[in-house]
Amino acid sequence: MDIFNGLLQGFSVALAGINILFCFLGALIGTAIGVLPGLGPAATIALLLPLTYAMGSPVTAIIMLAGIYYGAQYGGSTTSILLNLPGEAASVVTCIDGYQMARKGRAGVALGVAAIGSFIAGTAAVVGLTFFAPPLAKFALDFGPPEFFGLTSLGLLLAVTLSSGSITKGLMVLILGLLLSMVGFDPVSGKSRFTFGTIGLKGGLDFVCLAVGVFGLGEIFYNLESSLKTEIVTTKIGKVFPTLKDWADSKWAIYRGSAIGFFVGIIPGGGAVIASLASYAVEKKISKHPEEFGEGAIEGVAGPESANNSASSSSFIPLLTLGIPGNAAIAMIFAALMIHGITPGPFLVKEHPEVFWGVIASMYIGNVMLLVLNLPLVGLWVQMLRIPYGILAPIIVLFTTIGVYSTQNQVFDIYSMLFFAVLGYLMRKLNFDPVPLPLAFVLGPLVERSLRQSLLLSGGDLTIFVSRPISGTLITVFVLLILGQTAFYVRKKMYKSPSVSTRQ
Amino acid sequence: MKSDMKRFKKGMAFMLILSFFVTPLLCFAAKDPVSSYPEKEIKVIVAYNAGGSNDLLSRKIAKIIMENSYLPKPVIVVNMGGGNTAQGINTVLQSKADGYTFLFHHTAFITVNAMGNLDVSYKDFDPVCGVMDMNFMLLALGDDKRWANAQEFFKDAKKNPGKYSVAVSGLAGPGHFALMQMLKAYGATGSLKEIPFASGGETVAAHMGKHTDVRMSNTDEGGRYVKSGGVKILGVMSNKKLSAFPEAMTLQDAGLSADDFAMRLGYFAPKGTPKSIISKFAETVKKAVETEEYKNHANSINSLGVYRDADAFKKIYDIDDVNIKDLAKTLKK
Amino acid sequence: MKKYERLTAIIACLGGMMTMYYAWHTLKLGSIRVPDAGLLPFLCGVGLVVLGIVRLLILHWMEEQRKEGSAEKRLWHRPLLSLILMVLYGWVMETAGYITSTLIFMVAWQQIIEREKWGKTVIISLLGTFAMYALFVYFLKVPVPEEFFIG
């Protein structure tokens, strides 16, 4: 069979000594990048692009870069769980339950489940990639502006429903996130918005500054208020590794997350973020103990982590089959291919099968390597939580500062990170759940762009959203979800109404 | 006490006499900055984040210069992508005009300024040289039987204004201006629905998914899809035939004449940089542009390396500036 | 606590109204046919105003919550101090260079925020700065501002 031939060829390439070495190197660098807040896979790959000039073989270069890319996903969950610091948008959801698990001394379990889930999901995605790449790619192309609007709006809705606390507060945070995402240059109208004349704001606010500021530094500010010399984990650290029971609890979440991530990840754009959101929402809805979510439910980590890993694998599909990069990091890998004179596109399989299959085969191997790399490190990371906060906090500040500076070489980024830190701190004090903020910030531009593009395409005709099959389905789901939530809410209020009305 | 004072005075006197002799020596020792240029590494600032096609070009040139040792000191490319090109540009604007900091940029310099999103203009800099022209083309899907070339397409569009949609990357970016210039040349201004996307990749996805009828791409991006099949060129926004795609219809083929439009990449220096230093750097870049390696790179992105010295570079920018400002008026309602 | 909640809701209302004005006046709303830059910001502004009003109503009708446990005193001057330190850190970095500013920052933090002994301060600061430099500047080649006494 053609596919097996290709795979065998791919494995023979991927297992060549030098390629294994660079696969490992990429996985290592990727994990380190993912752990360090600030530097993301896109920026790192961009920094290393000149190095690929020197590498003779394009396959080797791509294998390393791919390793960095999905390695970063593995590492990103580490800081989310341990420090409530999301490395990128797809890890925000992991913070919700992951960090709570860490505070309860279950950091090791959370990290272990995340690693195992990511491995299973990543491998499953690569299998899917192997067999279903072309038809799936076609499916991804069917997503035009109206479909993106439906999808990303759905993502926004999920972001609100997942936040703890009152819906009105969640909506306020969401809208704030949307407004923040509009700062800067607007590609659809060509105008600059909310810049108030400063150069720094003209480029828009950076996601990393937001995530690191609101979650990481905001948390540090809040913790500083208490005079006790604390550590992050106050209870005794229990079992470092997940037990069989943990496995039983989380395995279905992992399977579901893998499936969700695989399909959602193919769609260029918000892929991994929406995948993690959808997985969390699904797990919460299906769970027999939904009240645990937000307090450290293991499914809340297993599901989204698996989802974002399989999404990062399946996001290679549009690249390898159509030559369309789905996100910034993949765009860098695309550039690397171009440097070596390889044009990714529908003919990649025919013209350079060793690149196509070699990369796929290396992804299988890479996933194994990452599992082997990460599991032993779990014990090490957990020890990090024992460092006294007085030392850990300024170290985190140092890391985040340089990480944020490294993206664009401007000090303004440091100040904007501090702005977000204050924002995060105030939000915590006033009991606003910060989770919808980064999600709205990331999804906002997509929602707005796709809305305006759709309206331009249809000439102002709003029915464009419901007349097309895919977007129509998405809008229907959206409406159903709103109706369902409102009904649920109203029913809850009705139950409680006797106690409220006594006040009148 | 008194002896301390005496020693102090003696010391000062000694220093004074010493400096009398040493200072003139230092003046002679200090080399003439122009003839000894470069004495330290040269920084080239790119106003975009790493990885974009013009970033890669500047790195390529730097690599060629260093590999062939055209200059005794290294040339380093630094990315400053903030502020929608403003950060990189302003950094060079404010740096010393000593020839150790250059800006590598392209026609976006004019377009962003024309749209009012940038206070600085290329006129605030001293042009050094131009290295490449990147053209734009109108693309249709390979199996789209509706039009064979741009002439047919625009004829159809004029007959049915508002029916067809074109995907373009970046509103008011060079690609969009190229489109507007093309529409103007064919007399079809306003006949298309112009749908802006945030990146080249998105325009490709939208077009391939048949969400728009045609798209406007530069020769780097569009070219690779033409080569790999699936997309055909309706027409190029250029008067001369493109070396990479000689069969594509040019403006001349369609019997039209208009000013050429292309994305012109090159170097700028802070105002006041000594002319001899500028020409020294420009000569070096010229040598790099004439190498085989550069030609191959240009080929791979379907563009031509076009070297222009400072005056020629400024001239073409002035022409582009007038055209773009004119088109910008229609956008800025 | 309720006082702050009210304040937040009012700020949301005001912010929403300012956004609406800015969107309408400066950015222009455009039309459904050709939406312009201000459309979505305007809608967001509307949303904020509505939500602000809704919250004020809810707060009005809700029963008085029992007072937040004031068992643990919240020392808000500590985050404020650390914020000031961080701002200074960013500011000094451009002028004095990475290593210098990091050293100063670490020392200042240990001394002012944590009130560490001088001996421990010096060790932690030196080690921390060295580690950051080694990792980011040396290994990862991240460009950082140069020290003021170089070049």
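Sequence lines set the chain letters: A, B, ... in the order given, protein chains first and strands last, and positions in each chain run from 1.
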Chain C contact via [X] - side chain, backbone, both or neither, heavy atoms under 4.5 Å:
X      : result
A:T401 : side chain
A:L426 : neither
A:F432 : side chain
A:M172 : both

Give, as side chain, backbone, both or neither, the part of [X] having an atom under 4.5 angstrom from any heavy atom of chain A.
X      : result
C:V54  : side chain
C:T8   : side chain
C:I124 : side chain

Working to the nearest 0.5 angstrom, can you tell me the gap between [X] [atom1] and [Y] [atom2]?
X      : Y      : atom1 : atom2 : result
A:I395 : C:W109 : CD1   : CH2   : 11.0 Å
A:L178 : C:C44  : CG    : SG    : 4.5 Å
C:L83  : A:L217 : CG    : CG    : 9.5 Å
A:F221 : C:L80  : CZ    : CG    : 8.5 Å
C:L40  : A:E448 : CG    : CD    : 4.5 Å
A:L171 : C:L51  : CG    : CG    : 5.5 Å

Query - Heavy-atom check, side chain of A:L179 versus side chain of C:L48, under 4.5 Å - result: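 A:L179 vs C:L48: side chains touch.
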Query raised in the report: Heavy-atom distance under 4.5 Å between the side chains of A:V397 and C:M86, does that happen here?
Result: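 Yes; the side chains approach each other to less than 4.5 Å.
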Query raised in the report: C:Y22 and A:F194: which non-hydrogen atoms are nearest, and at how many Å?
Result: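 Minimum heavy-atom separation between C:Y22 and A:F194: OH-N, 2.8 Å.
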Query - Donor-acceptor under 3.5 Å (A:Y425 side chain, C:P79 main chain) - result: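 Checking the backbone N and O of C:P79 against the side chain of A:Y425, no donor-acceptor pair under 3.5 Å is found.
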**Report entry** Largest heavy-atom contact set with chain C, pairs under 4.5 Å, which of A:L398, A:V422, A:I414
**Finding:**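 Heavy-atom pairs under 4.5 Å are most numerous for A:L398.
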